[in-house]
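Remarks on the structure that follows.
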Amino acid sequence: MRQQLVAGNWKMHGSLASNAALLGEVLAGVATARCEVAVCVPYPYLFQVQQLLQASQITLGAQDCSMHASGAHTGEVAVSMLQDFGCRYVIVGHSERRADHHESDVLVAAKAERVLEAGMTPIVCVGETLAQREAGETTAVVLRQLQAVTHLLGEQTQRIVVAYEPIWAIGTGRTASPEQAQEVHGVLRAHLRSVGEAAGGVRILYGGSVKPDNAQVLFSQTDIDGGLIGGASLKASDFLAVVAAAR
Ligand code: PEP
């Protein structure tokens, strides 16, 4: 059985003081977690959070990286820098980056490749807009996004994590029903299996308004292997309740 992963995505939230308070509470309650737990934090706080998580079971992640290994790319952050701070996970292709920074499927795939080259795990986000869902394009959109990655990575696909995040459910309070989510996860799983047996075992997270009251039913679906958690990862009691719902 795949061990589930619950990864918090703090987005552009936090401060030195609030991070310490939040993690203090999370660390006090996380010991009984059955799943793997990670937090993906803003770049400036990687050092602080690395220190706070030392000797804990929570792993550290970043929310993006450069597609370049190093060089003249002002404002970019290389995977080697994330590795320096002990990151295990790097989110790539979050819908907010695809939308705000015009990130293409090809760029997202290149970032995933950089992350793997640095020995870390990319959390590759895919998901459709409400208009695409209503036009019946969900399967085509998520497969196009995932295929760009699997095509580039081939057998290395087995080392990634996928996150299905319907854009219409992110930060909106509107969650995909467990059946809607499972249907898409099943499609993604079938594609991963077509890449290879090991790739078929890749963890597929669900993200989009996961909360304490819907986490358990989502995480009990056959092809849902945990969650990528935005808003609820910023409140310790909510995050811990979501973590407790995973296995
Ligand atoms: C996210 O941004 O990855 C996310 C899932 O956000 P939320 O949980 O707030 O919908």
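Order of listing sets the numbers, starting from 1, for every ligand and every atom in it. This chain uses plain numbering: 1 for the first residue, then up along the sequence.
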Practice prompt. Would you list the pairs meeting side-chain hydrogen bond (donor to acceptor under 3.5 Å, both in side chains) in which at least one residue belongs to residues 124-133, sequence neighbours left out?
Written response: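 Listed by first then second residue: Glu128-Arg133, Glu128-Tyr164, Glu128-Trp168, Thr129-Gln132, Arg133-Tyr164.
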Worksheet entry | Sequence neighbours excluded, every pair satisfying side-chain hydrogen bond (donor to acceptor under 3.5 Å, both in side chains) that has a member inside residues 114-127 |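 Applying side-chain hydrogen bond (donor to acceptor under 3.5 Å, both in side chains) to every pair that reaches into residues 114-127, excluding sequence neighbours, yields Arg114-Glu117.
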Item to complete: Compare all side-chain heavy atoms of Leu16 with those of Gln48 and state whether any distance is below 4.5 angstrom.
Response: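 With C-beta onward as the side chain, the pair touches.
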Worksheet item: Side chains of Leu60 and Val41: does their closest heavy-atom pair fall under 4.5 Å?
Response: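 In short, these two side chains touch, coming nearer than 4.5 Å.
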Distance dump, ligand 1 polar atoms to protein, N/O, under 3.5 Å:
unit_1: ligand 1; atom_1: 2 (O); unit_2: Lys11; atom_2: NZ; d: 2.5
unit_1: ligand 1; atom_1: 2 (O); unit_2: His94; atom_2: NE2; d: 2.9
unit_1: ligand 1; atom_1: 3 (O); unit_2: His94; atom_2: NE2; d: 3.0
unit_1: ligand 1; atom_1: 3 (O); unit_2: Glu165; atom_2: OE1; d: 3.1
unit_1: ligand 1; atom_1: 3 (O); unit_2: Glu165; atom_2: OE2; d: 2.7
unit_1: ligand 1; atom_1: 8 (O); unit_2: Gly230; atom_2: N; d: 2.9
unit_1: ligand 1; atom_1: 9 (O); unit_2: Gly231; atom_2: N; d: 2.8
unit_1: ligand 1; atom_1: 10 (O); unit_2: Gly171; atom_2: N; d: 2.7
unit_1: ligand 1; atom_1: 10 (O); unit_2: Ser209; atom_2: N; d: 2.7

Worksheet item: Going by side-chain heavy atoms closer than 4.5 Å, which hydrophobic residues are tied to Leu205, directly or by a chain of links?
Response: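 Members besides Leu205, by chain and number: Leu5, Tyr89, Ile91, Ile123, Val161, Leu228.
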Worksheet entry | Inter-residue atom distance Asp64.CG - His101.NE2, 0.5 Å rounding |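 One gets 8.0 Å once the value is rounded to the nearest 0.5 Å.
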